[in-house]
Each structure stands twice: as C-alpha cells, then as structure tokens.
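Following: one structure in structure tokens, then a few remarks.
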Amino acid sequence: MSITPIGEKERIAVVDILRGISILGIFLVNMPSFYSPMLYINPYTYYKGTWNEVFYRIIDFLAQASFYPLFAFLFGYGAVILEKRLTEKGMSFSKVFSRRLIVLLVIGIIHAFLIWHGDILINYALFGFFYLLFYKISGKSLLWIGMLMYMIPFSLLAILFTVLSLVGWDSGDWMTDAVKIKQSLEVYGDGSFLEITAQRFEDWYAVNNFVSLMLLFLSIFPLFLIGAGFAKLKWLEQPQIHSKPLKLLFWITLPAGVLLKLSPYYLEGYGASSLIQDQLGGPMLSIAYITGVTLFLRNKLARRTFISFSYVGRLSLSNYLFQSILCTFIFYSYGLGLYGKISFTTGCVTVVIIYTLQLWMSKAWLAKYKIGPVEYLWRWLTYGTRPKLRSM
C-alpha cells in the first residue's frame, strides 16, 4: 500500500513555516563552515573588522545552536504525523519509519563524504531508531522525558565547567589549531576532489567521533521527543486551545534563552560560557522561537506575511542539500575556489541572496509539483512505489 503526499488542507501551516525558518537559521550558522576552517578557529577572535564582528555576534546570539534543535524538534513532530497517517492506512509505523531512516542515512552518507562534512542527516537517521522505543508514550510523558534527558546532563556539565573555570582552568584558546587551519585552507582552496574528500572525512570525524557521540545524542534525541510530545498534544495545530502552555513556555524560555545565549559576553573563559550558550541557551531560545511563532501566526496577516517560508519548509530536505551543493561549488577548488577568500559579512550577504532564490524556486516548484525532488526520491525508496509528483 502506498501513501500519498499530504494535501494542502491536511498540512499544518505553522510546521511548514517553522521548517522554512529553520532552513534559513541553519544556513546562517553553516555558511562560515563552507568558506572557512570553522572547526579549528576561535570565532570570537578570527573574524576581523567591525562589521564582521557585529554580524558574527548577531548570528552567534540569534542562530548558533538554536536552529539545529528546532530542526530536530520538527523531525520528532513529523514522526508523529507519519505515524498517524500510517495507522489510518493500516500500515506498520515501525517498519516504514525504519526504512525511511535507512534511506535518510544513505542520503546523509553521500552528503557528508561527497559534498560537505557538516551533515546532520546521518545523526538524525541513526538517532531516529531510538524513537521507536518511545513512540507509544503519551505526549506529556514525551515532553517530560525529553526535557529531563536534555537538561540534567548538560546542566551538570555546565556546573562542572564553571567550577573548573573558577579554579583557574583557562580554555580561551582551546578551539584554535593553526596546523588544521592551514591544512583546510590549502586543501579546500587548491586541492583535488580526492584530497577534499579525505579532508571532508577528517572534518566529519572531528565532530562525529565515538567520544562525542553521546553528547551529540543528548543534544539531538531529546528534541525529537519534545517535538513528538508537542505533536501528540496538538499544541502547534491548535494554538487557540493550547495558548496557555504555549505562552507560559514562551515567557520562560525567551528570557532564559537570551540570558544564557549572551553568557560568552559576560562570563570569563570560553569553555564554560560556550557550553552554557550552546547547550543550554540554544535549545531554550529554540523553544521560544517555536512557541512565539506559533502564537504570532494566529493572526491572519502574520500568516500571509510568513507564508513564503512554508514553501522552503515543504521542500526542506531538497533545500538543505541544495545549499551544500551550491556553496561547496562556490568555495571549493573544483568550483569557483573562493574558500578562505571572503569576509563574514560577505558570507551573510551570500546567505540572503541564496535563500531569497530558494524562496522563489520553492514557490515555483510547488506550483507544478506536490513534493521536492529529494523528498520524491526519499518517499519512492521508502515505500517501493513511485509517488505522484505533479500537482495536476
């Protein structure tokens, strides 16, 4: 039995809009890694010039570590929607979801090792299998499990790092690696495709090694559960009914997120403050974005204003991969070779130009087709039957 794409009347507008916004936020965070050795620098000192420093701090505050949690949240939210549709059709959620994750894993492997090292799809696919242990749990329980699974370990780590900083541990230069910086500039800027592929693997493993795997899991999987909890409680699709918990969460997470995200600017020592900023402040601000946008979009004028984001959101996987393909062509040696040759400000302008193009392209695509090209392939390989692509 096949499953058709969700129709216009069935879609939850706020979810598509949030996906579109998350694609923009992720792009802003990813862009420096496309054109500079972001893994091996201290970004607070690397980007010189007034405007570069200003734009870095704005993105560091608004986007860094806040949009990957949002995307993970939406991954869990989408899993519940899929489960509901499969159940209505008498299909096994665990079997279909497992096949879906396997296909996503293959796409992620191709993306990480042949296109760009900063892939998130491999982690989403692998961690997604753990969701099968939780998907029958109630919405409220999923929220509590997700929040506790996230907050307890990272709060303890933040306390530990803060204590170490207070007793004299100075980690201000821990992110800088001059040898790796030089190597990245040479390989991505002038190397062959094979040399770049080897560098891609090295950079991917620097983030996804066995030591960091547990931290990555604790950074991503709890957001799956929180998103699934929101979906089961229908908080995003029925904000008029659930405005009280949404407003409560917004007014808790917004000031907490702002305070924690600004920690590197008022705390000594990047070790403790960076962890507090990213692992505690990032998700807090992410929940504030989710609840704030959901409440804001109750206004019809607001929905009409933000509807363009939904076009990108409906093609989120295609748009995410498009950004990687285009940017690596622009910056790597086998393309235009601009790696290490543009400023942070120019990178921000490039994001705006490319994302504006994606808004237009996504709307034009959806005028003719039901789903994006990568989403089409993903669905076909998952169900074994070719889905209907054209809208008419």
With ILVMFWY side chains joined below 4.5 Å, transitively, what does Val179's cluster contain besides itself?
none
Donor on one side chain, acceptor on other, Gln279 and Tyr150, under 3.5 Å
yes
Restricting to ring pair (Phe, Tyr, Trp, His ring centres under 6.0 Å), what partner residues turn up for Tyr332, sequence neighbours left out?
Tyr188, Tyr334
Among side-chain atoms of Tyr47 and Ser36, is any donor-acceptor pair under 3.5 angstrom?
yes
Results of salt bridge (charged side-chain N to carboxylate O under 4.0 Å, His left out) for Glu202 - residues two or more places apart only:
Lys180
For Phe97, is the NZ or CZ atom of Arg85 found under 6.0 angstrom from the centre of its six-membered ring and inside 45 degrees of the ring axis?
no
Would you indicate whether the side-chain heavy atoms of Tyr56 and Gln64 approach each other to under 4.5 Å?
no
Determine whether the aromatic ring centres of residues Phe130 and Phe134 are separated by less than 6.0 angstrom.
no
Exam field: side chain Arg200 to backbone Trp116, donor-acceptor pair closer than 3.5 Å
no
side-chain contact (heavy atoms from CB on, under 4.5 Å) partner of Trp235, chosen from Leu249, Ile241, Thr294
Leu249
Centroid-to-centroid, Tyr355 to Phe27, below 6.0 Å?
no
Single-linkage hydrophobic cluster Phe55~Val352, side-chain heavy atoms < 4.5 angstrom
no
Would you say Phe201 and Leu213 are hydrophobically clustered, going by side-chain heavy atoms of ILVMFWY under 4.5 Å?
yes
Pair Phe127 and Phe224, ring centroids less than 6.0 Å apart
no
Inspect the contact between Asp16 and Arg19 and indicate whether a charged nitrogen and a carboxylate oxygen are less than 4.0 angstrom apart.
yes
What do you reckon, are the aromatic ring centroids of Phe296 and Phe306 less than 6.0 Å apart?
yes
Could you tell me if the side chain of Tyr339 sits less than 4.5 Å from the side chain of Ser333, heavy atoms only?
no
Would a distance-only check, ignoring hydrogens and angles, find a side-chain to backbone donor-acceptor pair under 3.5 Å from His111 to Leu121?
no
Aromatic contact, Phe67 with Tyr289 (centres under 6.0 Å)
yes
Say whether, by atom type as modelled, one donor and one acceptor occur between the side chain of Lys261 and the main chain of Gly281 under 3.5 angstrom.
no
